[in-house]
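Heads up, the thing below is written out as structure tokens.
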Amino acid sequence: MRLYAALILAWAVGAVACRPPAVPEPVSTGIPEASPASLGFDSTRLDSVTAYLRTQVDSAFPGATVAIGRHGRMALVAAVGHYSTTDARPVTPQTLYDLASLTKVVGWTTACMQLVDQGRLDLDAPVSRYVPEFRGPQKDQVKIRNLLTHTAGFPPDLPLWQDTGNREQAFALADTAPLANPPGTTYVYSDVSAIIGEQVIERITGGRLDQYLAGHVFGPLGMMATRYLPPASWKPMIAPTEIDTILRHRLIWGTVHDESADRLGGVSGNAGLFSNALDLSRFAAMLLAGGAWDSLTIVHAETIAEFTRRQDFPTGSSRALGWDTPSPPSSGGTRMSDHAFGHTGYTGTSIWIDPGRDLFVILLTNRVNPTRANLRIAKVRPAVADLVAQALTHPEL
């Protein structure tokens, strides 16, 4: 009996010893704060943003964080509400959210910009130059630019989670699935574009997308809380998303909400990033500074200008390269200037950047908790952006 107990104890000690150490919870540092007045805001009007968001708690979302900045300084960072419908802990600016499709611009599009800067990615080259497995009728006509403008001809999505069992099979299905429209003729917002685009990045760089972004974007920017596949030790500071009753049959918490990204192992061009408002303030400030961060150049200013310029094809599309631009109705509200660009995420996230006013507005929520049926975020996003614009006393400065 003593021998049995000793063996059990030895096994337990060995199991603990072999367990990977917990990764400490990240502590994010946003851009420096400044008084709203010094940044051209009426402080009382700016406070109305937080007051408005409080009225939306338990209606549009369980919790939210907002970050607003100008001229490289933070005018407002605030948190309202709680982690979920069953978790009453108050959220803070450090709370992590599943960014959903903000992954497309914060991650994949930024990697594309850097590789264009380096001459390693040609926007007008066919996708098949980089991913030979991308084949089928008319697919030789699909260019990198088509992926970034959602004009490649893909359907909105593919049921990767139903028809494949792992990352390799999911990529193979995306590469060989037939197009729904001739390339370059029709705008259809599609997650498939970013999934194909992820493979392009990985073929060029020789590594997985998360590794590239950690080393070339998030690390240099000091975005300590921004990553794919957050470790289990970070779970307490992550806002849960949906109670999945269809595929995974559990509360999605600390793992990616998007089903296709989940089938890709949590690392995808279309979704998978987790971050907080403080980290994203650094990202937005970098873009507004023309790609500069301290003594580093993350992206060249000319490349940012090209990627955030409306492409105007096909007629009627508001898309830039990766990014979107304001067009009614817009999640960026009604008062953004002509050169503004932004994006939204399905889980209830958004980021809008306005170079004309040197302004950014970041809103992170988990509106899909407990269910994606809640669509009230569609009214909240433009309302927040317009309240910010109305708080400006000197928009031209």
Side-chain angles (χ1 to χ4, degrees), residues 98-112 115 121 126-140 142-144 146-148 150-181 183 188-214 227-230 241-242 244-250 252-274 322 345-347 368 372:
D98 181 332
L99 297 186
S101 283
L102 290 195
T103 300
K104 292 183 176 76
V105 290
V106 176
W108 170 54
T109 298
T110 306
C112 288
L115 295 178
L121 178 64
V127 171
S128 57
R129 174 188 296 181
Y130 305 99
V131 185
E133 299 88 343
F134 182 75
R135 61 185 184 273
Q138 296 188 298
K139 285 191 171 180
D140 59 330
V142 178
K143 300 178 180 179
I144 302 299
N146 295 129
L147 300 182
L148 288 158
H150 297 276
T151 58
F154 299 126
D157 202 358
L158 291 172
L160 303 182
W161 61 93
Q162 293 177 355
D163 299 338
T164 65
N166 56 45
R167 183 176 175 87
E168 290 71 26
Q169 292 175 5
F171 278 146
L173 176 59
D175 289 338
T176 57
L179 299 179
N181 298 291
V188 177
Y189 181 82
S190 176
D191 285 345
V192 185
S193 290
I195 291 170
I196 300 297
E198 173 190 4
Q199 294 179 83
V200 173
I201 300 299
E202 294 182 349
R203 298 301 175 87
I204 294 173
T205 64
R208 214 167 60 174
L209 179 62
D210 57 333
Q211 298 166 339
Y212 177 85
L213 291 170
R227 61 171 293 167
Y228 291 91
L229 304 173
T241 53
E242 189 172 24
D244 185 347
T245 60
I246 299 174
L247 179 64
R248 289 164 282 186
H249 304 287
R250 59 179 171 84
I252 307 303
W253 184 11
T255 56
V256 63
H257 175 264
D258 181 86
E259 293 89 352
S260 292
D262 181 68
R263 181 60 79 232
L264 288 164
V267 178
S268 180
N270 76 303
L273 278 179
F274 289 75
Y346 189 81
T347 52
V368 294
R372 67 185 68 188

Residue pair I201 / C112, side-chain heavy-atom distance below 4.5 Å: yes
Set of salt bridge (Lys or Arg N to Asp or Glu O under 4.0 Å) partners for D191, sequence neighbours left out: K104
Nearest non-hydrogen partners of S260 and I195, listed with the distance: CB-CD1, 4.2 Å
Listed partners of D210 passing side-chain hydrogen bond (donor to acceptor under 3.5 Å, both in side chains), at least two apart: R208
Partners passing salt bridge (Lys or Arg N to Asp or Glu O under 4.0 Å) against R250 (at least two apart in sequence or in another chain): none
I204 side chain near Y212 side chain, heavy-atom distance below 4.5 Å: no
side-chain contact (heavy atoms from CB on, under 4.5 Å) partners of P126, counting only residues at least two apart: S128, R129
By salt bridge (Lys or Arg N to Asp or Glu O under 4.0 Å) - contacts of R167 (at least two apart): E198, E202
Donor-acceptor under 3.5 Å (R263 side chain, A261 main chain): no
With sequence neighbours excluded, residues passing side-chain hydrogen bond (donor to acceptor under 3.5 Å, both in side chains) with S190: none
What side-chain donor-acceptor pairs closer than 3.5 Å can you find for residues 168-175, not counting sequence neighbours?
from : atom 1 : to   : atom 2 : distance (Å)
Q169 : OE1    : G165 : N      : 2.6
D175 : OD1    : Q199 : NE2    : 2.8

Contact summary for A177 and K139, nearest pair of heavy atoms: O-NZ, 2.5 Å
Counterpart residues, ring pair (Phe, Tyr, Trp, His ring centres under 6.0 Å), relative to Y130 (two or more places apart): none
Spacing of L99 atom CG and F274 atom CZ [to the nearest 0.5 Å]: 8.0 Å
H257: partners by side-chain hydrogen bond (donor to acceptor under 3.5 Å, both in side chains), with sequence neighbours left out: E242
Any T110 side-chain heavy atom under 4.5 Å of V105 side chain: no
Heavy-atom side-chain contact between R135 and T176 under 4.5 Å: yes
side-chain hydrogen bond (donor to acceptor under 3.5 Å, both in side chains) partners for S268, two or more places apart: N270
Closest contact, heavy atoms only, W108 versus G269: CB-O, 3.8 Å
Which pairs of donor and acceptor atoms, one on a side chain in residues 151-164, lie under 3.5 Å apart (sequence neighbours left out)?
from : atom 1 : to   : atom 2 : distance (Å)
T151 : OG1    : N146 : ND2    : 3.0
T151 : OG1    : T149 : OG1    : 2.8
T164 : OG1    : L160 : O      : 2.5

K143 NZ: over 12 foreign heavy atoms closer than 6.0 Å: no
Partner of T347 under side-chain contact (heavy atoms from CB on, under 4.5 Å), chosen from D258, D98, V256, L102: D98
L273 and Y228, any side-chain heavy atoms less than 4.5 Å apart: yes
Closest heavy-atom pair and its distance - L213, A111: CD2-CB, 4.1 Å
For D244, side-chain contact (heavy atoms from CB on, under 4.5 Å) partners two or more places apart: I246, L247, R248, I252
